[in-house]
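Below is one structure, written out as structure tokens; the observations come after it.
In each ligand, atom 1 is the first atom listed, and ligand 1 is the first ligand listed.
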Amino acid sequence: MTDDLLRYRAEFPILETTTYMISNSLGAMPRGVAASLQSYCDTWATRGVRAWEETWWDMAREVGDAIGVLMNAPAGSVSVHLNVTLCQAVVASCFDFRGPRNKVVYSDMNFPSIMYFWEAQQSQGARVHMVKTDDGVHVPTERLVEAIDEETLLVPISHVVFRSAYIKDVKAIIEKAHSVGAYVVLDAFQSLGSVPVDVQALNTDFAVGGVLKWLCGGAGTSYLYVRPDLGTKLRPNLTGWFAHEKPFGFEIGPNKYAEPPYRFMQGTSNVPGYYAALPGLKIIREAGVERIREKSKKMTARLIELADQRGWKVNAPRDSERRGGTVAIDMPNAYEVHEELLRRDVLVDFRPRAGVRFSPHFYNTMEEIDRAILTVDEILSDMRVAPGR
Ligand SMILES: Cc1ncc(COP(=O)(O)O)c(C=O)c1O
């Protein structure tokens with residue numbers, strides 16, 4: 001069977017020298033990023049300050065839209081920011097936690113930075129209700145849904161859990177939240193680019209994520225989608241001159257909010273990050289998330305099959321419909337194995353309570369999957385630990 005997605009391999013230089021399976025952390029850099037960043041330099045060098053007006057100001061919207069199209073977000077509904085933690089802060093700043101509706105409900109499988117942020121909002125009146133996982137892989141949807149009540153203001157949840165790649169039943173969570181008047185902040189960092197996301201079909205209120213993992217876009221560009229009808233109403237307190245309707249009027253006094261997406265921005269933005277993001281976004285759009293997803297399911301199934309054959313513990317959902325692009329495997333001496341894999345140019349990572357995380361993407365081959373696991377066999381044998389023990 002031919003794998004049409006492999007034609008993109010040539011676009012990613014690192015694939016020539018490594019087995020790159022760490023897209024859950026940092027996607028491979030597209031070759032085109034070098035030229036794109038050069039164009040940033042050329043624009044700065046030749047156009048100077050005129051670049052803001054001629055290119056850079058509008059680029060924020062352009063990048064937001066290039067991300068938005070991948071999740072069926074209407075044009076103009078996605079603003080770009082430095083990181084996802086800041087995106088949470090922008091959302092939080094749209095609400096008042098001093099009234100009776102001040103509960104924030106989430107799962108302990110959220111990315112820790114998100115939890116650190118919401119825990120800290122208790123000083124602003126937020127009450128955090130955290131629902132615990134039973135097995136370190138799944139999130140108990142029923143308990144999460146039950147915890148969302150009339151006092152709930154916000155539900156910040158991951159679409160795909162970073163630790164186990166479990167795909168949450170976000171539709172059920174969003175429906176419950178809306179039935180009691182709460183808002184959902186969907187963290188699509190581990191889904192968009194690997195698992196289809198449709199913000200309109202899900203009817204989520206907010207969606208956040210970054211481009212550096214599955215979207216191969218580098219550090220420093222994250223996105224915040226705001227449902228269009230909310231977008232024109234909300235007034236973030238975390239604001240600045242980029243969010244003013246006349247930013248170059250430098251008016252004194254309170255902010256007169258611009259329309260989205262600029263309404264949700266603050267100050268001077270990370271322009272080089274835009275240039276770095278665009279080539280990856282173009283490739284992902286062209287490759288197609290549906291095709292990427294189909295291939296991803298096969299690759300993660302193969303990883304699980306190989307781990308099962310060796311009797312290693314798999315910390316990922318067995319149901320491929322509920323599993324994202326990562327398989328965490330807790331083989332013997334997992335931390336040391338991961339260190340040795342890096343030395344042998346098999347790029348993966350390790351997370352406590354999960355194991356070695358393998359995250360193949362559309363640019364990987366099935367042979368690389370087999371080779372990665374055979375390398376683990378070799379490492380374990382070199383350590384004189386029999387595989388499966
Ligand atoms: C699901 C998820 N959310 C958030 C983050 C971190 O976001 P940031 O560093 O942009 O604040 C990560 C990073 O790994 C993640 O996997």
Side-chain angles (χ1 to χ4, degrees), residues 21-28 63-64 67 71 78-93 104 106-121 130 133 136-139 144 154-168 170 173 184-195 197 199 202 204 206-225 238 264-266 269-270 273-274 276-277 280 296 315-317 322-328 347-354 356-359 361:
M21 290 200 191
I22 192 159
S23 300
N24 59 313
S25 179
L26 180 66
V63 173
I67 297 166
M71 54 180 171
V78 177
S79 54
V80 281
H81 303 266
L82 200 57
N83 59 56
V84 168
T85 313
L86 262 179
C87 293
Q88 305 285 318
V90 177
V91 173
S93 83
V104 177
Y106 58 70
S107 138
D108 63 346
M109 297 286 268
N110 265 2
F111 189 78
S113 188
I114 310 299
M115 296 193 265
Y116 304 153
F117 174 79
W118 288 107
E119 285 281 335
Q121 299 321 300
M130 188 166 75
T133 177
V137 173
H138 301 87
V139 170
L144 197 67
L154 286 162
V155 184
I157 46 159
S158 301
H159 186 192
V160 172
V161 169
F162 86 104
R163 213 184 282 280
S164 64
Y166 173 64
I167 303 178
K168 277 200 196 125
V170 288
I173 296 164
V184 171
V185 189
L186 183 67
D187 183 345
F189 215 148
Q190 295 289 355
S191 50
L192 193 61
S194 161
V195 173
V197 181
V199 288
L202 289 171
T204 188
F206 304 93
V208 296
V211 301
L212 78 159
K213 302 173 190 289
W214 303 99
L215 297 173
C216 304
T221 300
S222 289
Y223 53 87
L224 167 63
Y225 159 78
L238 180 48
F264 294 95
M265 293 180 73
Q266 303 87 40
S269 55
N270 178 26
Y274 300 164
S296 168
N315 285 319
R322 286 269 155 237
R323 185 175 67 236
T326 302
V327 175
L347 301 195
V348 292
D349 70 4
F350 172 86
R351 288 290 178 274
R353 300 187 294 286
V356 181
R357 296 191 305 174
F358 295 85
S359 297
H361 208 353

Does a donor on one side chain and an acceptor on the other come within less than 3.5 Å for Ser23 and His361? no
**Between Tyr166 and Thr133: side-chain donor-acceptor atoms closer than 3.5 Å** =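 Thr133 and Tyr166 do not have a side-chain donor-acceptor pair below 3.5 Å.
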*asked:* Working to the nearest 0.5 angstrom, can you tell me the gap between Thr221 OG1 and Leu215 CG?
replied: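 Reported to 0.5 Å precision, the distance equals 10.5 Å.
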Value for OG1 (Thr85) from CE (Met115), rounded to nearest 0.5 Å, stands at 11.5 Å
key: Distance-minimising heavy-atom pair for Met109 and Phe162   =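 For Met109 versus Phe162, the nearest heavy atoms are O-CD2, 3.9 Å.
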Any sub-3.5 Å donor-acceptor pair from Gln190's side-chain atoms to Ala188's backbone N or O?
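Side chain of Gln190 to backbone of Ala188: no pair is present.
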query: For ligand 1, what are the residues with a heavy-atom contact below 4.0 Å?
result: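 Near ligand 1, by chain and number: Asn83, Val84, Thr85, Phe111, Phe162, Asp187, Phe189, Gln190, Lys213.
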